[in-house]
Chemist: 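Here it is, the structure, as structure tokens.
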2 protein chains.
Amino acid sequence: MSIEVAAPIQRRPLHNELADRLRHMIVEGELAPGEKLAEKELCEQFGVSRTPLREAMKVLATEGLVLLTPNRGCAVAKLTLADLDEAFPIMGALEALSGELACRHITDAELDRIQELHDRMVVKYEAGALRDYFKLNEQIHQMILDAARNPTLAQMQLSLSGRVRRARYMANMSPARWRKAVDEHEKILETLKARDSKRLAVLLKEHLANKLQTVKDALTE
Amino acid sequence: MSIEVAAPIQRRPLHNELADRLRHMIVEGELAPGEKLAEKELCEQFGVSRTPLREAMKVLATEGLVLLTPNRGCAVAKLTLADLDEAFPIMGALEALSGELACRHITDAELDRIQELHDRMVVKYEAGALRDYFKLNEQIHQMILDAARNPTLAQMQLSLSGRVRRARYMANMSPARWRKAVDEHEKILETLKARDSKRLAVLLKEHLANKLQTVKDALTE
DNA sequence: GTTATGAATTATGAATACAAAATACAAATC
DNA sequence: GATTTGTATTTTGTATTCATAATTCATAAC
């Protein structure tokens, strides 16, 4: 008897594929904020008709990544200071909740894995490799989110962080701030290990507030 | 010199209109959870072609109100107990944040207006008019949300509460629970007037947790 | 009688066609 | 020369058409 099970072949609808690709392009900054997105152009680029592209655009608009203006097309959503001021406190509240829930549900194995990621992140910090640092940072946050065992929460967090992600690449942290962020991460990990949910919530909220300040400083200079 | 300014006439795209109407129908329970939504049928009902309808469906799917399954159509999203368990803590966290922000920004005029709505709500409670009570309840929550001065937060709250709103009509509160909810509202209003943000956050979080219990009790009986 | 197979029907996915609005541009007026 | 007005072009919104996958139903095999 075979253990192998034939994987169900599934062709994704074009609008899904398109939404994913465009989302990636926007979030990663390949499409600049404010940039006009002409349907005809994108259709030619992706080799599809306008119908699935327009469907994908409706999705991205609902996610807040794109702005649709009736009869005059579509543009990549701009990221204003006000947007950041609004988004970060929300992310703080959601992270705090994730932390609380994670304290309740996280396994020792997951904690070990986070510790490992954290150690690697510190190495990247010491090497001054900001990009790698960010990547590991995100993985840690993602693991905490998973440990919260609340997919709805995870999805909302992902959606919000996608929107503000573009701001990160503008933010070139000062050495002092970077140092502080690493310290905060140390404390967060400790507190998570102690499963001290109340304190973790406070720490995560503060961490996000500091992050906002970092981004804002970078933007206003 | 005339003060009057000609209001810009604007015809909304069909997909917007459709999304709004369908959203309303789902949230108000006119379309039952799990109900299959055949494109052809809806097109005839609304007198539109499939293109704008499909665009509207993509929006509703992104909002989590509808479930799209490739090649086999669209159905109203079901609301499971797990969904409620996931959504309510998030709503609690967001409400708590709204409360904190509202304490900072709310004006005395807004507080007066909330007091007025609250008084009317208590009258409805005493009359046993659950539907009217809910309506006023929602208006109060909406006003707190507005006072938070964070449109992104307001939008997320609205979206989430839309998803779980259907559960409310299933929930026929027990007299004891209803009494408790009214008491909680009294305390919330007091605390908001005192602009005690920390305490308000705690109260709102608890209030939502109790609401979840109410809904769950109603569902499991 | 039950299950399996295949044709017919129906529904969805995607492309094209048509309509209407917005934009670009040229000509005319001051 | 600047501004306005009318026309052509382009772009977006919607309907229709075609392609393909799913479902239904009738038939055949066991």
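Lettering follows sequence order; numbering is per chain, from 1. This structure is a prediction, so every number in the text was calculated from the model and none was measured.
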Chemist: Can you tell me how far P of D:dG13 sits from CG of B:Leu53, to the nearest Å?
Modeler: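 These atoms are roughly 16 Å apart.
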Chemist: Round to the nearest Å and state the distance from B:Phe46 atom CZ to D:dT14 atom P.
Modeler: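 From B:Phe46 CZ to D:dT14 P: 14 Å.
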Chemist: Measuring to OP1 and OP2 of D:dT14, would you say a side-chain N or O of B:His15 lies under 4.0 angstrom away?
Modeler: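 The answer is yes; a side-chain N or O of B:His15 sits under 4.0 Å from OP1 or OP2.
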Chemist: Classify the side-chain pair B:Asp20/B:His24 by whether it contains a donor and acceptor separated by less than 3.5 Å.
Modeler: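 Not at all, the side chains of B:Asp20 and B:His24 share no donor-acceptor pair under 3.5 Å.
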Chemist: Give me the ring orientation class for B:Tyr133 and B:Tyr125: parallel if the planes are under 30° apart, tilted from 30 to 60°, perpendicular past 60°.
Modeler: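 The rings of B:Tyr133 and B:Tyr125 sit tilted, inter-plane angle from 30° to 60°.
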Chemist: Between B:Glu39 and B:Arg54, is there a side-chain N and carboxylate O pair less than 4.0 Å apart?
Modeler: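 Yes, B:Glu39 and B:Arg54 are salt-bridged.
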Chemist: To the nearest angstrom, how far is A:Leu68 atom CG from D:dT12 atom P?
Modeler: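 Rounded to whole Å, this separation is 10 Å.
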Chemist: How many whole angstroms separate atom CZ of B:Arg54 from atom P of D:dA15?
Modeler: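 Between P of D:dA15 and CZ of B:Arg54: 14 Å.
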Chemist: Indicate yes or no: does B:Arg163 engage B:Glu63 in a salt bridge with an N to O separation below 4.0 Å.
Modeler: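 Judged by the 4.0 Å cut-off on N to carboxylate O distance, B:Arg163 and B:Glu63 do not form a salt bridge.
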Chemist: Could you check B:Thr51 against B:Glu39 and say which one's nearest nucleotide on DNA chain C is further toward the 5' end?
Modeler: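 Its nucleotide being nearer the 5' end, the pick is B:Glu39.
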Chemist: Do B:Thr214 and B:Asp217 pair up side chain to side chain, a donor and an acceptor below 3.5 Å, judged on atom types alone?
Modeler: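 Checked: B:Thr214/B:Asp217 side chains show no N/O donor-acceptor pair below 3.5 Å.
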Chemist: First and last nucleotide of DNA chain C in contact with chain A, 5' to 3', at under 4.0 Å to a heavy atom: what are they?
Modeler: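 Counting from the 5' end, contacts occupy C:dA14 to C:dT23.
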Chemist: Going by an N to O cut-off under 4.0 Å, is there a salt bridge joining A:Asp132 and A:Arg120?
Modeler: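 Looking at A:Arg120 together with A:Asp132, the answer is no, because their closest N to O distance does not fall below 4.0 Å.
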Chemist: Find the distance B:Asn16:CG to D:dT12:P and express it as a whole number of Å.
Modeler: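 My rounded result for the distance is 16 Å.
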Chemist: A:Pro33 and A:Leu79: which non-hydrogen atoms are nearest, and at how many Å?
Modeler: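 That closest heavy-atom pairing would be CB-N, 4.5 Å.
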Chemist: Can you check the B:Arg12 CZ to D:dG13 P distance for me, whole Å?
Modeler: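 One finds 13 Å between P of D:dG13 and CZ of B:Arg12, rounded.
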Chemist: Taking only nitrogen or oxygen atoms into account, show me every contact under 3.5 Å that the protein makes with nucleotides 17-22 of chain D, one pair per line with its distance.
Modeler:
{"unit_1": "D:dA21", "atom_1": "OP1", "unit_2": "A:Arg11", "atom_2": "NH1", "d": "2.7"}

Chemist: What is the distance from CD of A:Glu55 to C1' of D:dT12, rounded to the nearest Å?
Modeler: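 Taking CD of A:Glu55 and C1' of D:dT12, I get 15 Å after rounding.
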Chemist: Whether the B:Asn210 and B:Glu206 side chains hold a donor-acceptor pair (N or O, under 3.5 Å, no angle test) is what I'd like checked.
Modeler: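 Absent: no donor and acceptor within the cut-off.
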Chemist: Whether B:Arg113 and B:Glu116 form a salt bridge (side-chain N of Lys/Arg under 4.0 Å from carboxylate O of Asp/Glu) is what I want to check.
Modeler: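 Judged by the 4.0 Å cut-off on N to carboxylate O distance, B:Glu116 and B:Arg113 do form a salt bridge.
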